[in-house]
Q: 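First, the structure itself, so that you have it in front of you.
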Amino acid sequence: MVDDTLLESGNQKIEWARNHMPVLSIIRDGFASEKPLKGCRIAMALHVEAKTAVLVETLASGGAEIAITGCNPLSTQDDVAAALDTRDNVSCYAKYNASRSEYYESINKVLDINPDITVDDGGDLIFTLHKTRQELLSGIKGGTEETTTGVYRLDSMSKDNALKMPVIAVNNAFTKYLFDNRYGTGQSTWDAINRTTNLLVAGKDVVVAGYGWCGRGCSMRAKGLGANVIVTEVNPVRALEARMDGYRVMTMDEAAKIGEIFITTTGNVSVLTRDHFKLMKDGVILANSGHFNVEMNLEELESMSKTVRTVRENIKEYHLGDRRIYLLADGRLVNLAAGDGHPAEVMDMSFSNQALCIRHLVDNDLDIDVHAVPPEIDTYIAELKLKALGIEIDELTTEQEKYMREWEHGT
Ligand SMILES: NC(=O)c1ccc[n+]([C@@H]2O[C@H](COP(=O)([O-])OP(=O)(O)OC[C@H]3O[C@@H](n4cnc5c(N)ncnc54)[C@H](O)[C@@H]3O)[C@@H](O)[C@H]2O)c1
Ligand SMILES: O=c1[nH]cnc2c1ncn2[C@@H]1O[C@H](CO)[C@@H](O)[C@H]1O
Ligand SMILES: N[C@@H](CCS)C(=O)O
């Protein structure tokens, strides 16, 4: 028996998100009348919260049958999961704080739908499919991948000839990463850090590891909050860009001694290790907004600690004897595990890409490979978003088009 209060809270959150996702709402209306996904079975592993629920509703309104679970043990909002499970043709297996075995059990339940299409965030569904559920591969039309690291992994699989299905790299659409990874992560990471710690940012030394799209967003918003921002990088071009954007750039060995708040956004492992923890000041705060819980070496942090205790919701204190280090949300994506994820207006574009790419997979037979989002989908979403914002832009005149095509003109 599902708790009514839980359902009411989940439905309220979904309604709020739905009302702030105008592009997805247009796509949903089209899906409801055309039913382009009729008879299609979709297996999904995404962060199960309100904006994701709106995507699921959109796919269901297009005629699909959906099984969904989480893509992170700590990002599921149980009220939304309960509400989603009441929708027609939707089964939701996600739960907050799932153990590793529960997490993979749910991934397998989702795969039991015998999917035509898979939707991933970070690749756990597709990797399980390739490792232990290969019998399902022959029925698969294709999949989509939501995030940067998931796409890197798929590219590696493709290079090794290990990939056995077509996948669209949704992350790589302009209308995804330029907004979601940058402005979404920038805002939601700080929202989560601020609501979790209730501490001041102004005047603090904030270290952002990685100056990709997420790192740019987190640095930009840290600066806006009055922090002194330090960036660490391994890519010389991005390091230079960070420097010219006005930040200090140095190695993590140097930054570890100075920083008061550390945010990892690299998609890489062991960016913060024992050597860095040894150098850190008393009371530093660590948050990850990159990938899984691997960016900080938590085993090393634990092994160095005399005591580990929860001192406030989503804050663990690691007492090293002489100093304390505070870890937010167990080192999982802080914006989702200790916050509500990206703003709805941003996920509007990311999930419109998902919906239209899923339709594209159903309508076409793509080769086994990692595919770009078709440019016409990307442009269409940008146009709809501008329209929803009430913004008109200029068009090229015939003279301008001609000028841009020709090459003979000089001074
Ligand atoms: N929290 C969220 O909601 C959210 C949103 C989007 C993406 N992501 C995830 O965040 C991560 C970053 O995504 P992105 O789009 O910014 O990727 P990106 O590839 O644009 O940027 C990652 C940057 O990290 C740098 N880097 C790699 N190893 C490093 C190291 N050891 N030290 C310092 N820098 C290092 C790279 O050179 C690169 O510039 C990915 O794992 C992605 O999947 C999270
Ligand atoms: O609120 C949200 N709901 C669903 N997905 C989200 C939200 N915020 C960020 N991401 C997605 O999570 C991926 C990293 O795991 C990002 O690529 C982003 O698109
Ligand atoms: N779904 C994964 C991918 C993040 S890049 C996670 O939540 O950590």
Side-chain angles (χ1 to χ4, degrees), residues 13 17 21 44-56 69-77 80 103 119-125 145-153 169-173 176-189 191-192 207-219 231-239 241-242 249-252 255 263-273 276 287-296 329-351 353-354:
K13 286 183 181 175
M21 301 177 85
M44 307 174 79
L46 290 180
H47 300 290
V48 175
E49 57 69 62
K51 284 87 69 185
T52 303
V54 182
L55 171 64
V56 172
T69 186
C71 64
N72 178 315
L74 297 184
S75 66
T76 296
Q77 298 195 9
V80 173
Y103 180 84
V119 179
D120 253 298
D121 176 324
D124 283 344
L125 196 57
E145 170 53 56
E146 170 76 8
T147 201
T148 316
T149 301
V151 173
Y152 288 154
R153 295 283 176 275
V170 165
N171 178 75
N172 296 1
K176 199 285 184 179
Y177 73 86
L178 287 178
F179 304 94
D180 173 317
N181 301 27
R182 183 168 36 174
Y183 303 114
T185 311
Q187 180 168 323
S188 62
T189 298
D191 170 32
V207 179
V208 178
Y211 202 65
W213 296 104
C214 294
R216 287 175 177 110
C218 290
S219 303
V231 169
T232 70
E233 251 298 343
V234 291
N235 175 324
V237 176
R238 289 195 161 175
E241 193 187 348
V249 177
M250 59 185 77
T251 61
M252 188 56 91
I263 306 174
T264 50
T265 66
T266 67
N268 216 337
V269 289
S270 296
V271 176
L272 288 175
T273 63
H276 304 119
N288 170 39
S289 215
H291 188 59
F292 291 130
N293 57 349
V294 296
E295 301 219 9
M296 302 151 188
D330 288 343
R332 297 259 175 207
L333 300 190
V334 71
N335 59 327
L336 284 139
D340 282 314
H342 289 1
E345 297 99 319
V346 165
M347 293 316 293
D348 187 26
M349 289 192 278
S350 307
F351 285 163
N353 274 292
Q354 283 285 1

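Computed from a predicted structure; not experimentally measured. Note that ligands are numbered from 1 as they come in the structure, with each ligand's atoms numbered from 1 the same way.
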Q: Look at atom 4 (C) of ligand 3 and find which of R332, H291, E295 reaches it with the closest heavy atom.
A: H291
Q: Are any of the side-chain heavy atoms of V249 and Y211 separated by less than 4.5 Å?
A: no
Q: If you measure from OG1 on T147 to CG on D121, what distance do you get to the nearest 0.5 Å?
A: 5.5 Å
Q: What residue and heavy atom of the protein are closest to atom 21 (O) of ligand 1, and at what distance?
A: G212 CA, 3.2 Å
Q: In the protein, what heavy atom is nearest to atom 35 (C) of ligand 1, and what distance, to one decimal place, separates them?
A: T266 CG2, 3.5 Å
Q: If you compare all heavy atoms of E295 against all heavy atoms of G267, which two are closest, and at what distance to 0.1 Å?
A: OE2-N, 2.6 Å
Q: Can you sort out which atoms of ligand 1 are near R238, meaning under 4.0 Å from one of its heavy atoms?
A: 18 (P), 19 (O), 20 (O), 21 (O), 38 (C), 39 (O)
Q: Could you tell me which atoms of ligand 1, counted from 1 in the order shown, lie closer than 4.0 angstrom to a heavy atom of Y152?
A: 19 (O)
Q: For residues 45-55, pull every pair meeting salt bridge (Lys or Arg N to Asp or Glu O under 4.0 Å), keeping only residues two or more places apart or in separate chains.
A: E49-K51
Q: For atom 2 (C) of ligand 3, find the nearest protein heavy atom and state the residue, atom name and distance (0.1 Å precision).
A: F292 CE2, 3.5 Å
Q: Regarding ligand 3, does L333 bring an N or O atom to under 3.5 Å of one of the ligand's N or O atoms?
A: no
Q: Who passes salt bridge (Lys or Arg N to Asp or Glu O under 4.0 Å) against D120, sequence neighbours left out?
A: none
Q: Considering only heavy atoms of N72, which atoms of ligand 3 have at least one such atom less than 4.0 Å away?
A: 6 (C), 7 (O), 8 (O)
Q: With heavy atoms under 4.0 Å as the rule, classify the contact between D121 and ligand 3 as side chain, backbone, both or neither.
A: both
Q: Given T185, V234, N335, which has its nearest heavy atom closest to atom 32 (N) of ligand 1?
A: V234
Q: Return yes when H47 approaches ligand 3 closer than 4.0 angstrom through a heavy atom, no otherwise.
A: yes
Q: Name the closest protein heavy atom to atom 39 (O) of ligand 1, giving the residue it belongs to and the distance to 0.1 Å.
A: E233 OE2, 2.5 Å
Q: Return the CH2 to OG1 distance between W213 and T148, rounded to the nearest 0.5 Å.
A: 10.5 Å
Q: Please tabulate, line by line, the atom pairs linking an N/O of ligand 2 to a protein N/O at a distance below 3.5 Å, with the distance in Å to 0.1, or answer 'none'.
A:
from     : atom 1 : to   : atom 2 : distance (Å)
ligand 2 : 1 (O)  : K51  : NZ     : 3.0
ligand 2 : 1 (O)  : H342 : N      : 3.2
ligand 2 : 3 (N)  : E49  : OE2    : 2.8
ligand 2 : 8 (N)  : H342 : N      : 3.1
ligand 2 : 8 (N)  : H342 : ND1    : 3.4
ligand 2 : 12 (O) : H47  : NE2    : 3.3
ligand 2 : 12 (O) : D121 : OD2    : 3.1
ligand 2 : 15 (O) : H47  : NE2    : 2.8
ligand 2 : 15 (O) : D121 : OD1    : 2.7
ligand 2 : 15 (O) : D121 : OD2    : 3.1
ligand 2 : 17 (O) : T147 : OG1    : 2.8
ligand 2 : 17 (O) : K176 : NZ     : 2.8
ligand 2 : 19 (O) : E146 : OE2    : 2.5
ligand 2 : 19 (O) : K176 : NZ     : 3.3
ligand 2 : 19 (O) : D180 : OD1    : 3.4
ligand 2 : 19 (O) : D180 : OD2    : 2.6

Q: Got the closest protein heavy atom to atom 12 (C) of ligand 1, with its distance?
A: T265 O, 3.3 Å
Q: Roughly how far, to the nearest 0.5 Å, is OG1 of T149 from NE2 of H291?
A: 4.5 Å
Q: Which atoms of ligand 3 are found less than 4.0 Å from any heavy atom of T147?
A: 5 (S)
Q: Could you check whether any side-chain heavy atom of S219 comes within less than 4.5 Å of a side-chain heavy atom of V231, counting everything from C-beta outward?
A: yes
Q: Between V170 and K176, which heavy-atom pair has the shortest distance, and what is it?
A: O-CB, 3.5 Å
Q: Does any non-hydrogen side-chain atom of E145 lie less than 4.5 Å from one of N171?
A: no
Q: Only heavy atoms of N268, strictly under 4.0 Å: list the atoms of ligand 1 that pass.
A: 27 (C), 28 (N)
Q: Evaluate the side-chain proximity of V119 to L46: yes if any heavy-atom separation is below 4.5 Å, no if none is.
A: yes
Q: Out of all atoms in ligand 3, which are within 4.0 Å of some heavy atom of C71? Include the element for each.
A: 1 (N), 2 (C), 6 (C), 7 (O)
Q: Which is closest to atom 13 (O) of ligand 1 in terms of heavy atoms, L272, T148, T149?
A: T148
Q: N288 and G290: which non-hydrogen atoms are nearest, and at how many Å?
A: OD1-N, 2.8 Å
Q: Taking a cutoff of less than 4.0 Å between a non-hydrogen atom of the residue and any ligand atom, is H342 in contact with ligand 1?
A: yes
Q: Just which atoms of ligand 1 are under 4.0 Å from any heavy atom in N235?
A: 37 (O)
Q: Could you tell me whether the side chains of S188 and H342 share a donor-acceptor contact shorter than 3.5 Å?
A: yes
Q: Return the closest protein heavy atom for atom 42 (C) of ligand 1 as residue, atom name and distance.
A: T147 OG1, 3.5 Å
Q: Within a strict 4.5 Å, meaning less than it, do heavy atoms of the M252 and V207 side chains meet?
A: yes
Q: When rounded to the nearest 0.5 angstrom, what is the spacing between SG in C218 and CG in N181?
A: 10.5 Å
Q: What residue and atom, counting heavy atoms only, is the protein's closest point to atom 44 (C) of ligand 1, and at what distance?
A: S289 O, 3.4 Å
Q: Are A45 and ligand 3 in contact, using a heavy-atom cut-off of under 4.0 Å?
A: no
Q: Just need the protein heavy atom nearest to atom 9 (C) of ligand 1, so name the residue and atom and give the distance.
A: G290 O, 3.1 Å
Q: Whether E241 and R216 form a salt bridge (side-chain N of Lys/Arg under 4.0 Å from carboxylate O of Asp/Glu) is what I want to check.
A: yes
Q: Indicate yes or no: at least one non-hydrogen side-chain atom of P73 is less than 4.5 angstrom from one of R332.
A: yes
Q: For D124, give me all partners under salt bridge (Lys or Arg N to Asp or Glu O under 4.0 Å), at least two apart in sequence or on another chain.
A: none
Q: If you take all heavy atoms of T266 and A209, which pair is closest and at what distance?
A: CG2-O, 3.4 Å
Q: Find all atoms of ligand 1 within a distance of less than 4.0 Å from any non-hydrogen atom belonging to N181, and give their numbers and elements.
A: 6 (C), 7 (C), 15 (O)
Q: Examine C214 against ligand 1 and note whether any of their N/O atoms are separated by less than 3.5 Å.
A: yes
Q: Report, in ascending order of atom number, the atoms of ligand 3 lying under 4.0 Å from any heavy atom of G290.
A: 4 (C), 5 (S)
